[in-house]
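All remarks here apply to the structure that follows.
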Amino acid sequence: MSMNRHQIRKSAFQTLFAQLANDDADVAELYTEVLAIDHENEVPEYLVTLVEGVNEHREELNEQIQGLLSSKWTVKRIAKSDLIILQIALFELQFVDDIPSAVVINEALELAESFSDDTSKKFINGVLGSFEKQVD
């Protein structure tokens, strides 16, 4: 199964969202459901990187997101879909070397178009823009 990185990010979002809904879910089972494959097919390596990376760094990523929010907001108030998109983007920005920041941010906005709304898209763009300003 050959997937481009955009498709992989969408699958990572779906897997992470499903995990959030069911803590006891088996990740391997989620991959087969999200990708609509059987157990013999190979799961793309980058999908595993994103899902495991976000899961491993979730607390750190959430702390970073909290630091990027205005004082009126907390991570708990963010829509779960928006939070997962931000976690994926921040993970890629910090832990994946071969992707330009502009591509990561654009892909996060594409995910917001698919799984959220225009308000969320603007919110995600603002948070990631603030992160970029801090890093520069």
Side-chain angles (χ1 to χ4, degrees):
M1 165 180 264
S2 179
M3 298 173 69
N4 64 38
R5 284 209 171 168
H6 176 73
Q7 294 167 320
I8 290 172
R9 286 181 186 93
K10 284 180 108 169
S11 295
F13 172 87
Q14 293 169 319
T15 303
L16 290 163
F17 196 86
Q19 273 187 313
L20 189 63
N22 182 2
D23 289 340
D24 298 328
D26 177 35
V27 179
E29 287 292 322
L30 291 176
Y31 289 146
T32 60
E33 288 178 33
V34 167
L35 298 172
I37 59 172
D38 58 38
H39 291 283
E40 276 84 59
N41 288 358
E42 193 171 312
V43 175
E45 185 179 326
Y46 195 62
L47 174 58
V48 175
T49 297
L50 289 177
V51 171
E52 287 182 359
V54 168
N55 283 333
E56 183 179 325
H57 296 281
R58 178 170 280 117
E59 191 173 310
E60 175 187 347
L61 296 169
N62 286 347
E63 287 174 13
Q64 289 176 325
I65 293 166
Q66 182 62 55
L68 297 167
L69 300 175
S70 73
S71 60
K72 299 174 188 173
W73 279 86
T74 64
V75 169
K76 291 180 182 177
R77 285 188 61 199
I78 299 173
K80 298 303 179 204
S81 56
D82 297 349
L83 181 60
I84 292 168
I85 292 168
L86 287 169
Q87 290 168 341
I88 291 170
L90 287 174
F91 174 78
E92 283 189 293
L93 286 168
Q94 297 172 92
F95 298 100
V96 180
D97 294 330
D98 64 336
I99 306 172
S101 298
V103 171
V104 172
I105 293 170
N106 185 57
E107 286 290 330
L109 299 178
E110 293 280 331
L111 287 175
E113 270 185 34
S114 297
F115 299 108
S116 273
D117 58 23
D118 284 341
T119 303
S120 292
K121 188 175 171 182
K122 291 175 187 172
F123 172 74
I124 289 166
N125 191 42
V127 171
L128 295 176
S130 294
F131 177 79
E132 280 296 288
K133 287 177 187 169
Q134 284 184 357
V135 173
D136 288 343

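This one's a predicted model, so the numbers in the text were calculated from it and none came from an experiment.
With Ser81 as reference, Ser116 is the one residue of Ser116, Ser120, Ser114 to meet the side chain to side chain donor-acceptor pair (under 3.5 Å) rule.
A pairwise comparison of heavy atoms in Ala25 and Leu30 identifies CB-CD1, 3.8 Å as the closest pair. Between Val104 and Ala89, the closest heavy-atom pair is CG1-O, 3.5 Å.
Summarising the local packing, CG of Asp97 is surrounded by 12 or fewer heavy atoms from other residues, nucleotides or ligands at distances under 6.0 Å. Residue Gln134 places its CD atom among more than 12 non-hydrogen atoms of other residues, nucleotides or ligands, all under 6.0 Å distant.
Both Phe131 and Ile85 are members of a single hydrophobic cluster when ILVMFWY side chains are connected at heavy-atom separations under 4.5 Å. Cluster annotation: Val34 is not connected to Leu50 through the hydrophobic network of ILVMFWY side chains, with a link wherever side-chain heavy atoms come within less than 4.5 Å. Follow the hydrophobic side-chain contacts under 4.5 Å out from Leu61 and you reach Leu109 in the same cluster. One hydrophobic cluster holds both Val48 and Leu35 under the rule that ILVMFWY side chains link at heavy-atom gaps under 4.5 Å.
Rounding to the nearest 0.5 Å gives a distance of 10.0 Å between CZ of Phe91 and CG of Asn55. One distance of note links CG of Leu111 with CD1 of Ile124; it measures 8.0 Å at 0.5 Å rounding. Residue Gln19 holds its CD atom at 5.5 Å from CG of Leu16, rounded to the nearest 0.5 Å. We find the CD1-CG distance between Ile88 and Leu83 to be 10.0 Å, quoted to the nearest 0.5 Å. Here the straight-line distance linking atom CD1 of Ile65 with atom CZ of Arg58 works out to 10.0 Å at 0.5 Å rounding. Separating the CZ atom in Phe115 from the CD1 atom in Ile84 is a distance of 10.0 Å, to the nearest 0.5 Å.
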Requested in this report: Given side chain to side chain contact (heavy atoms under 4.5 Å, CB included), test Leu93 with Glu132 step by step and report yes or no.
Outcome: CA-CA 9 Å; Leu93 286 168; Glu132 280 296 288; 3.9 Å; yes
Query raised in the report: Where do Thr74 and Leu69 land on the side chain to side chain contact (heavy atoms under 4.5 Å, CB included) test, with the steps shown first?
Result: CA-CA 7 Å; Thr74 64; Leu69 300 175; 5.6 Å; no
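Every pair passing ring pair (Phe, Tyr, Trp, His ring centres under 6.0 Å) that includes a residue from residues 14-33 is listed here, sequence neighbours excluded: Phe13-Phe17. Residue pairs that meet the side chain to side chain donor-acceptor pair (under 3.5 Å) test with at least one member in residues 7-16, sequence neighbours left out, are Arg9-Glu92.
In this structure, Asn125 contributes its side chain and Lys121 its backbone to no donor-acceptor pair below 3.5 Å.
Residues meeting the side chain to side chain donor-acceptor pair (under 3.5 Å) test with Asn62, sequence neighbours left out: Gln87.
In this structure the side chain of Arg5 reaches within 4.5 angstrom of the side chain of Ile99, judged on heavy atoms.
Classified by interplanar angle (parallel below 30°, tilted 30° to 60°, perpendicular above 60°), the ring pair Phe95/His57 is parallel.
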